[in-house]
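Beneath this line is the structure, given in structure tokens, with notes to follow.
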Amino acid sequence: MRKEFTIVIIPNYQNKSYSKTISLATLRLLLVLLILFILGLGTTIFFLTRYSYQMLRMSYLIRRNAQLEAEYAKLEVVKNRLAQLEAESKKIKNMLGVEKSPPKIDFLSLTGNEVSTPIETDKSALAQLPPELTKQLAEEKVQYIPAQPPLVNYLISREFDSKHQGVDLVAPLGTPIAATADGVIKTVGEDSIYGKYIVIEHGSDYTSFYGHLRRAIRHQGEKVKKGDFIGYLGATGQVTAPHLHFEISYKGKRVDPASLLRLR
């Protein structure tokens with residue numbers, strides 16, 4: 001005897017009914033096809049999800065690789081700049097007849113009578129230098145003279161004049177800023193014009209000012225050496241674009257930084 005199933009559909013809104021008779025073998029076939037469809041759909045969703053995850057991970061790795069390459073390029077720039085500074089230092093030592101660097105001295109702990117520099121002890125070398133430089137090197141402690149630019153790569157957007165007693169140095173947001181000479185952090189503050197700023201006191205005569213910082217990483221009273229990072233370039237205060245406002249004062253009077261630094 002043939003086994004069959006009858007499906008009857010009776011709508012509530014009319015008297016007419018619908019019926020469909022199918023065999024047991026057909027019902028089994030439909031169930032098998034439904035199971036295969038569900039398994040196929042699940043497999044498709046699984047592989048699509050896995051593919052999407054792999055594409056997202058690949059995109060992240062590509063971006064991360066680009067970031068690492070950019071950081072490596074910055075390190076190469078710093079490395080080349082350090083090599084240039086070292087070469088210039090050797091030239092100066094050869095000119096002054098100083099074969100080896102003197103031992104490091106904490107000048108902040110010495111009295112005026114105890115302080116001396118290699119240049120002060122070499123009169124014949126001083127005689128070969130220009131008179132202006134001879135006088136400055138003889139009277140000032142060399143390590144306290146702000147003679148190193150605070151940025152490695154930059155553009156000058158505004159120079160020193162009577163109304164703007166400093167220089168504006170443009171560089172990417174977040175560029176590290178370095179101390180231009182040995183000294184002590186005199187002030188770490190913030191105001192409406194220069195935003196976040198740092199003032200460094202170099203010995204008894206020089207001070208340097210760094211304005212519009214994104215963030216300061218040094219604290220008041222902290223000692224720093226020339227080249228130590230003190231903060232990051234930003235756009236705080238009254239600015240139209242990220243830059244560093246840099247000033248140098250000599251005995252309380254602002255001077256053109258270009259007279260001490262080799263600015264490009």
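Each residue takes its place number in the sequence, starting with 1.
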Under a 4.5 Å cut-off applied to non-hydrogen side-chain atoms, are [X] and [Y] in contact?
{"X": "His202", "Y": "Ser208", "value": "yes"}
{"X": "Ile248", "Y": "Leu260", "value": "yes"}
{"X": "Ile230", "Y": "Tyr210", "value": "yes"}
{"X": "Ile145", "Y": "Tyr206", "value": "yes"}

task = Please go through Leu36's hydrophobic cluster and name the other residues, only I, L, V, M, F, W, Y counting, with side-chain heavy atoms under 4.5 Å joining them.
result = Val32
Please list, one pair per line, the donor and acceptor atoms closer than 3.5 Å that link side chains of residues 191-199 to other protein atoms, with sequence neighbours excluded.
| residue | atom | partner | partner atom | Å |
| --- | --- | --- | --- | --- |
| Asp191 | OD1 | Ile193 | N | 3.2 |
| Asp191 | OD1 | Tyr194 | N | 2.7 |
| Asp191 | OD1 | Gly195 | N | 3.3 |

Ion pair Lys225/Asp182, N-O distance below 4.0 Å = yes
inquiry  = Determine whether a donor-acceptor pair (N or O, by modelled atom type, separation under 3.5 Å) exists between the side chain of Ser249 and the backbone of Gly252.
reply    = no
query = In Å, rounded to the nearest 0.5 Å, how long is the span from OG1 of Thr43 to CD1 of Ile38?
reply = 11.5 Å
task = Using the test salt bridge (charged side-chain N to carboxylate O under 4.0 Å, His left out), find all partners of Arg214 that sit at least two apart in sequence or belong to another chain.
result = none
key: Listed partners of Arg215 passing salt bridge (charged side-chain N to carboxylate O under 4.0 Å, His left out), at least two apart   = none
ask   = Side chains of Ser157 and His243: do they bring a donor and an acceptor to under 3.5 Å?
value = no
task = Sort and list the pairs that fulfil side chain to side chain donor-acceptor pair (under 3.5 Å) and have at least one residue in residues 52-69, not counting sequence neighbours.
result = Ser59-Arg63, Arg64-Gln67, Asn65-Glu69
I'd like a table of donor-acceptor pairs (distance under 3.5 Å, sequence neighbours excluded) in which one partner is a side-chain atom from residues 162-174, with atom names and distances.
| residue | atom | partner | partner atom | Å |
| --- | --- | --- | --- | --- |
| His164 | ND1 | Glu159 | O | 3.2 |
| His164 | ND1 | Gly166 | O | 3.1 |
| His164 | NE2 | Asp168 | OD1 | 3.3 |
| His164 | NE2 | Asp168 | OD2 | 3.3 |
| His164 | NE2 | His245 | ND1 | 3.4 |
| Gln165 | OE1 | Arg254 | NH1 | 3.3 |
| Asp168 | OD1 | His245 | ND1 | 2.9 |

